[in-house]
2 protein chains.
Amino acid sequence: MDKNLKRMATMHRMQVTGLELFYKNGYYNTSIDDILKSLSLSKGAFYYHFQSKEDFFVSIVQNLIVRKVYSMLIEPIEGKENPFTVIDKCFENALETAEHNEMDYGFVLSNFISEFNRRNTVISNYLMDIYKVWEVNLISILQKGKSDGYVDRHVDSEGVATYLISSYMGVRTLMVQGNCRNLRYKYMQQLRQYFNSLTQKEAVL
Amino acid sequence: MDKNLKRMATMHRMQVTGLELFYKNGYYNTSIDDILKSLSLSKGAFYYHFQSKEDFFVSIVQNLIVRKVYSMLIEPIEGKENPFTVIDKCFENALETAEHNEMDYGFVLSNFISEFNRRNTVISNYLMDIYKVWEVNLISILQKGKSDGYVDRHVDSEGVATYLISSYMGVRTLMVQGNCRNLRYKYMQQLRQYFNSLTQKEAVL
DNA sequence: TTTTTTACCGACTAAGTGGTCGGTAAAAAT
DNA sequence: ATTTTTACCGACCACTTAGTCGGTAAAAAA
């Protein structure tokens with residue numbers, strides 16, 4: 001498992017640079033040669049490690065993109081606290097990171113979902129798997145929030161999850177065109193407004 | 001203006017088929033030859049009418065995409081009624097149309113915005129112009145809704161517009177992967193929940 | 001020490017890519 | 001009746017694409 005250390009290192013370098021360029025220029029608008037050039041590697045090296053461009057991209061999804069989404073959007077929302085507070089913090093943080101990133105080209109997951117939609121079902125499925133994990137996590141934290149008395153009992157957790165993911169994807173798409181700070185501010189304000197309407201109200205005295 | 005009728009007709013045919021294929025496969029993944037083949041036209045015809053692939057796409061944006069977004073999302077929300085009712089109907093209708101469209105590849109505008117983001121600023125700007133018109137219209141209908149007593153006076157119309165556009169773009173991206181009916185239902189439910197929290201409340205007795 | 005495997009090179013191929021250009025038949029202008 | 005313009009054809013060009021393959025130096029195994 002560790003004896004092929006060099007192998008792993010090279011593959012990883014290729015994946016990192018590959019994701020960078022695919023993210024920046026899009027999958028169909030990035031050639032293998034582009035990636036190889038910026039790594040000073042040859043075609044031989046690429047096809048020694050990967051079967052095809054598609055196979056390569058799948059490995060990127062499973063190794064890098066999964067982890068990105070996990071660390072940015074899934075892990076931060078685990079816990080027993082108020083789901084709305086946690087999600088609020090998580091989104092705020094994610095949007096702030098994007099805002100301060102000079103090289104922001106949108107939300108990785110939604111960019112690729114949209115690029116591969118119905119054009120490459122194999123890749124689409126891998127991407128949708130990540131989306132589903134995110135969704136499931138949001139739903140379960142909202143459900144827990146109900147039993148903990150944070151979330152109103154009448155709330156449809158699945159619906160809220162869908163709405164959250166949709167709005168997040170959308171605002172990330174818009175943010176790339178600049179005016180990020182303002183967009184983030186407006187988005188977060190409305191998110192709070194929305195959360196407020198889902199909050200378990202104190203019993204009326 | 002009408003003497004070049006044939007010219008207009010051919011250009012229009014090209015634009016329609018072009019949009020069809022660009023929408024289906026993406027701009028970078030669709031060649032001019034693909035379009036020409038499906039029209040049984042030649043390279044000569046294409047470059048007689050258009051200067052370049054980019055010029056061609058810009059003409060599609062200005063002629064077809066603008067109108068699509070207008071008729072689907074902008075015109076339907078004009079009027080003096082309750083903004084929330086009007087937007088609700090408009091979104092419901094748009095999502096239903098998408099749902100019943102076998103060849104749905106997502107929201108045209110957001111697909112292309114995301115494909116050209118930072119990759120082609122000329123085209124991006126034309127697309128963002130459409131977005132801005134949509135935004136302005138949403139804001140103004142919300143403002144009118146305030147004076148008409150439908151929308152709570154404390155509501156930030158710009159924020160609401162951003163939030164609406166974001167969520168709509170996002171849910172359209174998700175819908176392409178199937179389960180549209182369920183997604184639409186959940187989305188509309190939450191949209192109503194959100195709207196409800198923005199509605200001018202009757203004075204407490 | 002010899003053999004085999006690993007990790008990589010880079011020339012090559014076949015199929016595109018956007019774009020050019022000389023030609024041409026029919027229609028319109030003269 | 002002659003000339004010019006319109007709308008289109010399709011061969012061609014330089015270049016890029018994903019993918020193949022014979023070779024090879026260094027490391028590991030025998």
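Only heavy atoms go into these numbers, but all of them, side chains included; no hydrogens, no water, no symmetry mates.
- Salt bridge annotation for A:Asp104-A:Arg172: present, with a cationic side-chain nitrogen under 4.0 angstrom from a carboxylate oxygen.
- In this structure, the CZ atom of B:Phe50 is 13 Å from the C1' atom of D:dA7, given to the nearest Å.
- Here the nucleotide nearest the side chain of A:Ala45, chosen from D:dA7, C:dC9, D:dC9, is C:dC9.
- Side-chain contact annotation: B:Tyr150 with B:Thr199, donor-acceptor N/O pair under 3.5 Å absent.
- Proximity of B:Thr10 to the phosphate of D:dC8: a side-chain N or O atom is located under 4.0 Å from OP1 or OP2.
- Nearest-nucleotide mapping onto DNA chain C: of A:Gly44 and B:Tyr28, the residue sitting toward the 5' end is A:Gly44.
- One side chain, A:Ser167 or A:Tyr187, offers a donor N or O that lies under 3.5 Å from an acceptor on the other.
- Rounded to whole angstrom, the span from the CZ atom of B:Arg7 across to the P atom of D:dA7 amounts to 6 Å.
- In this structure, the CE atom of A:Met14 is 11 Å from the P atom of C:dA7, given to the nearest Å.
- Of the side-chain N and O atoms in B:Ser42, one or more sit less than 4.0 angstrom from OP1 or OP2 of D:dC9.
- The nearest whole Å value for the distance from the CZ atom in B:Phe46 to the P atom in D:dT6 is 20 Å.
- Rounded to whole Å, the distance from CD1 on A:Ile35 to P on D:dG19 is 12 Å.
- Contact check on B:Lys132 versus B:Glu158 returns no salt bridge, with no Lys/Arg side-chain nitrogen under 4.0 Å from an Asp/Glu carboxylate oxygen.
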Can you give each donor-acceptor pair under 3.5 Å made by side-chain atoms of residues 81-97 of chain A, sequence neighbours left out, with the distance rounded to 0.1 Å?
| from | atom 1 | to | atom 2 | distance (Å) |
| --- | --- | --- | --- | --- |
| A:Asn82 | OD1 | A:Phe84 | N | 2.9 |
| A:Asp88 | OD1 | A:Arg192 | NH2 | 3.2 |
| A:Asp88 | OD2 | A:Arg192 | NE | 2.6 |
| A:Glu92 | OE1 | A:Arg192 | NH2 | 2.8 |
| A:Glu92 | OE2 | A:Arg184 | NH1 | 2.5 |
| A:Thr97 | OG1 | A:Asn93 | O | 2.8 |

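- Between the CE atom of B:Met11 and the C1' atom of D:dC8 there is a distance of 14 Å, rounded to whole Å.
- Considering only side-chain N and O atoms, B:Tyr47 lies under 4.0 angstrom from the phosphate OP1 or OP2 of C:dG19.
- A donor atom on one side chain and an acceptor atom on the other are not found under 3.5 Å apart for A:Asp156 and B:Gln189.
- Rounded to whole Å, the distance from CZ on B:Phe56 to C1' on C:dG19 is 15 Å.
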Distances under 3.5 Å only, N/O to N/O: pair up the protein atoms with those of nucleotides 15-17 of chain C.
| from | atom 1 | to | atom 2 | distance (Å) |
| --- | --- | --- | --- | --- |
| C:dT17 | OP2 | B:Ser31 | OG | 3.0 |

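- As a whole-Å value, the separation of B:Tyr48 OH from D:dT6 P is 6 Å.
- The pair A:Glu20-A:Arg13 fails the salt-bridge criterion, with no side-chain N (NZ, NE, NH1 or NH2) lying under 4.0 Å from an Asp/Glu carboxylate O.
- Between C:dT6 and A:His49, no contact under 4.0 Å exists linking OP1 or OP2 to a side-chain N or O.
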